[in-house]
Amino acid sequence: MNVKKINILAIFIAISVIGAFIKIPSFIGSVALDSFPSLIAGVFLGGIAGGIVAAFGHLVSALIGGLPLGIFHLFIAAEMCLLVFVFAKIYQTGNRIVSYLWFVLGNGIILPLPFFVLMGKGFYVSMVPVLLIGAALNGIVAQLLMPRLESFLKGWREAKQ
């Protein structure tokens, strides 16, 4: 990873931290607009970089929200890393709609499944709507910004060669 890519990765992490302050009202304070930079980074820099941004973004969002789930936030950060990695791989195959559906459904329904076992049905059922809304908003923001950043992506890829 070269210095330019590390700098751009740091910018995406910083944008994710800013998004972490924009909370979606819920009883768990870690749902925020911290994921859209990771989606964009996943497309621009690759799945691993996008996953790193997602993990850092979630941890900062959880920290700002008071770490309501404690140590489980490390597990959630790892889940977010994997989710965005797969999103980027699907997106790069040209299946953009499928990639966004994967992100929204994965974030809202699949990732919280371990908490169904750990914390019960009530917790899971109460979190799913909030997570679906948060994931949809993050996906919409990324989808709106992505075409506007395509020229940057094209110029960055040309400069890389």
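Note that the structure is a prediction, hence the values are computed from the model and not measured. All values below were derived from every heavy atom in this structure, side-chain atoms included, with hydrogens, water molecules and symmetry-related copies excluded.
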Does Y100 have its ring centroid less than 6.0 Å away from the ring centroid of F87?
yes
Side chain to side chain, L39 and V43, heavy atoms closer than 4.5 Å
no
For A54 and S38, which heavy atoms make the closest approach, and how far apart are they?
N-CB, 3.4 Å
Evaluation steps, side chain to side chain contact (heavy atoms under 4.5 Å, CB included), between D34 and V60:
CA-CA 9 Å; D34 59 341; V60 169; over 6 Å; no
Ignoring hydrogens and geometry, is there a side-chain-to-backbone donor-acceptor pair from K121 to F116 under 3.5 Å?
no
Please test F36 against S16 for side chain to side chain contact (heavy atoms under 4.5 Å, CB included), starting from the C-alpha separation and ending with a verdict.
CA-CA 7 Å; F36 79 87; S16 184; over 6 Å; no
Kindly compute the distance separating CD (E79) from NE2 (H58), expressed to the nearest 0.5 Å.
9.0 Å
A side-chain contact here means heavy atoms from C-beta on lying under 4.5 Å apart; do F75 and P114 qualify?
yes
Reported OG-to-CE distance for the pair S26 and M127, which is rounded to 0.5 angstrom
5.0 Å
d(I24 CD1, L33 CG) to nearest 0.5 Å is 5.0 Å
Would you say the side chain of V130 lies within less than 4.5 Å of the side chain of I133, judging by non-hydrogen atoms?
no
State, yes or no, whether a side-chain contact exists between P68 and H73 at a heavy-atom distance under 4.5 Å.
yes
Please find the pair of heavy atoms, one from G19 and one from A32, that lie closest to each other, and give the distance.
O-CB, 3.6 Å
Taking a hydrophobic cluster as the set of Ile, Leu, Val, Met, Phe, Trp and Tyr residues connected by side-chain heavy atoms closer than 4.5 Å, whether directly or through intermediates, do L149 and I8 fall within one such cluster?
yes
Classify the side-chain pair K23/S61 by whether it contains a donor and acceptor separated by less than 3.5 Å.
yes
Rounded distance (nearest 0.5 Å) linking atom CG of L131 with atom CD1 of I110
12.5 Å
Could you please spell out the steps behind the side chain to side chain contact (heavy atoms under 4.5 Å, CB included) verdict for F56 and V17?
CA-CA 8 Å; F56 274 104; V17 168; over 6 Å; no
Between Q92 and G46, which heavy-atom pair has the shortest distance, and what is it?
NE2-CA, 4.1 Å
Inspect the surroundings of CG in L144 and state if more than 12 heavy atoms from other residues, nucleotides or ligands are less than 6.0 Å away.
yes
State plainly whether one hydrophobic cluster holds both L59 and I64, where clusters connect Ile, Leu, Val, Met, Phe, Trp and Tyr through side-chain heavy atoms under 4.5 angstrom apart.
no
Please say yes or no: joined through hydrophobic side-chain contacts below 4.5 Å, possibly via intermediate residues, are L137 and I109 part of one cluster?
yes
Are I76 and L111 packed together at the side-chain level, in the sense that at least one heavy-atom pair is separated by less than 4.5 angstrom?
no
Could you tell me whether the side chain of M119 reaches within less than 4.5 Å of the side chain of L69, counting heavy atoms only?
yes
Measuring only between side-chain heavy atoms, which start at C-beta, is P112 closer than 4.5 Å to F123?
no
Can you tell me how far CD1 of I6 sits from CD1 of I11, rounded to the nearest 0.5 angstrom?
12.5 Å
Do the side chain of N95 and the main chain of Y91 share a donor and acceptor less than 3.5 angstrom apart?
no
Taking the inter-plane angle between the rings of F44 and F12 on a 0 to 90° scale, is it parallel (under 30°), tilted (30 to 60°) or perpendicular (over 60°)?
perpendicular
Quick one: do F72 and F115 satisfy ring-ring contact (aromatic ring centres under 6.0 Å, His included)? Show the steps, please.
CA-CA 9 Å; F72 290 125; F115 293 96; 5.6 Å; yes
Which atom pair, heavy atoms only, marks the closest approach of G108 to L132?
CA-CD2, 3.7 Å
Identify the heavy atoms of A55 and A77 that sit nearest to each other, and give their distance.
CB-O, 3.7 Å
Are I140 and I18 connected into the same hydrophobic cluster when the rule is that any two of I, L, V, M, F, W, Y join if their side-chain heavy atoms are below 4.5 Å apart?
no
For the residue pair K5 and L9, establish whether any side-chain heavy-atom pair is separated by less than 4.5 Å.
no
Could you state whether L105 and V141 fall into the same hydrophobic cluster, counting links through intermediate Ile, Leu, Val, Met, Phe, Trp or Tyr residues with side-chain heavy atoms under 4.5 angstrom apart?
yes
Taking all atoms of both residues into account, what is the closest heavy-atom pair of G42 and A88, and its distance?
O-CB, 3.4 Å
Find the distance between CD1 (I40) and CZ (R148) and round it off to the nearest 0.5 Å.
11.0 Å
